[in-house]
Amino acid sequence: MPASRTTTIREIYRNRVVRFGSYGVAALGAYDVCSNQFGFPKLPKVLGMTGALMPWWGWLLLLQALFVYGLFEFVRRSQPLVLQPLDGGKASKDDNANLSGLAAPALRIVRRIRRHRNAGYFARDRSEPVEDIWRSAVPVIIAFEKAGFPVPELTGETVLHQLITLDEYFSTLIPLISAGQFDEAREIAPQVVKMADEEGTTFNGQQWFGN
């Protein structure tokens, strides 16, 4: 689902370069333009310059440049990443010694997803980017595939849809893997994949936050 205008603007200014750069440019520009009216020394004089620093429209161009940079970063981060199938086949199903190690990293991904979704309104700007959660999840889902588990295709519309798919997939298999029931986990994995893909595909992105 398309994000609201408010959400888009908030995501653009989540970038620290854009946020703090805009604050700095706006403050310097306001001082430079208004200093004469309040009897303050002109900014070029403070900086030891002899000429004018910049006209008012120059400051607006700087702000525009920062916004455009933030917009490009937002578009780049919003592109869904598609997990490509691995080449080379699956690992032996008899080697269950390391499978129990899959549960802990998968559980950390689930907790990060739910912590992000449960963040309060005023804490959302400080939450980690969902793209970082996704990038951390990629090696985990690859480890599941190497261990012989079928995995979701992760072709959701956005990163949010893909994280919903991973939440459903991991949270269903984690209890079985933690209990050492690897054969049972593999047996139900195809149904879990189907269920997780459906959950991610039908998810309404505007309902990401739980409060």
Side-chain angles (χ1 to χ4, degrees), residues 1-24 63-86 101-147 149-174 192-193 195-211:
M1 298 295 291
S4 68
R5 291 183 179 89
T6 303
T7 301
T8 300
I9 294 295
R10 185 164 55 241
E11 287 298 320
I12 290 174
Y13 280 93
R14 180 190 292 273
N15 186 295
R16 293 182 179 180
V17 173
V18 178
R19 185 166 67 251
F20 294 114
S22 297
Y23 292 159
L63 286 174
Q64 184 183 44
L66 284 168
F67 182 83
V68 171
Y69 167 77
L71 185 59
F72 275 109
E73 284 295 303
F74 168 73
V75 172
R76 182 184 64 81
R77 289 187 286 109
S78 299
Q79 292 297 318
L81 304 174
V82 179
L83 184 65
Q84 299 296 330
L86 292 177
L102 295 174
L107 181 59
R108 285 194 292 270
I109 297 299
V110 170
R111 287 174 174 171
R112 288 169 66 182
I113 293 172
R114 297 183 180 182
R115 183 165 57 246
H116 194 285
R117 296 192 66 190
N118 292 329
Y121 181 81
F122 294 104
R124 292 173 188 174
D125 287 341
R126 299 189 300 273
S127 299
E128 66 174 326
V130 291
E131 295 80 14
D132 289 353
I133 302 176
W134 165 248
R135 291 186 180 93
S136 298
V138 169
V140 180
I141 198 70
I142 289 176
F144 270 75
E145 189 173 20
K146 284 184 176 180
F149 289 92
V151 298
E153 294 183 1
L154 298 176
T155 56
E157 180 181 351
T158 67
V159 172
L160 300 184
H161 292 79
Q162 295 180 9
L163 289 181
I164 289 294
T165 300
L166 289 177
D167 188 339
E168 184 72 24
Y169 178 78
F170 286 148
S171 61
T172 304
L173 294 180
I174 284 172
V192 175
V193 168
M195 179 175 60
D197 279 331
E198 182 178 355
E199 185 76 15
T201 302
T202 59
F203 174 69
N204 183 346
Q206 294 181 343
Q207 298 177 351
W208 172 261
F209 291 108
N211 49 18

Can you name the nearest heavy-atom pair linking [X] to [Y], along with the distance?
| X | Y | answer |
| --- | --- | --- |
| V140 | P105 | CG2-CB, 3.9 Å |
| L102 | A147 | CD1-CB, 3.9 Å |
| L166 | I141 | CD2-CD1, 3.8 Å |
| G200 | H161 | O-CD2, 3.1 Å |
| W134 | V159 | CB-CG1, 4.0 Å |
| A119 | F209 | O-CD2, 4.4 Å |

Give, for atom [atom1] of [X] and atom [atom2] of [Y], the distance between the pair rounded to the nearest 0.5 Å.
| X | Y | atom1 | atom2 | answer |
| --- | --- | --- | --- | --- |
| E131 | Q162 | CD | CD | 10.5 Å |
| N204 | L160 | CG | CG | 10.5 Å |
| L163 | T158 | CG | OG1 | 8.5 Å |

Set of residues satisfying side-chain contact (heavy atoms from CB on, under 4.5 Å) with respect to [X], sequence neighbours excluded:
| X | result |
| --- | --- |
| S22 | Y13, V18, L63, L66 |
| E168 | T172, M195, A196, E199 |
| Y23 | R19, F20 |

inquiry  = Do I164 and R117 have side chains that approach each other closer than 4.5 Å (heavy atoms only, starting at C-beta)?
reply    =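 A side-chain contact under 4.5 Å exists here.
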
Beyond-backbone contact of F170 with I113, side-chain heavy atoms, under 4.5 angstrom =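 Result no, sub-4.5 Å side-chain heavy-atom pair not found.
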
Qualifying residues under salt bridge (Lys or Arg N to Asp or Glu O under 4.0 Å), relative to [X], sequence neighbours excluded:
| X | answer |
| --- | --- |
| R114 | D167 |
| D197 | none |
| E128 | R112 |

Chi angles and distances behind the side-chain contact (heavy atoms from CB on, under 4.5 Å) call for T165, F203 = CA-CA 9 Å; T165 300; F203 174 69; over 6 Å; no

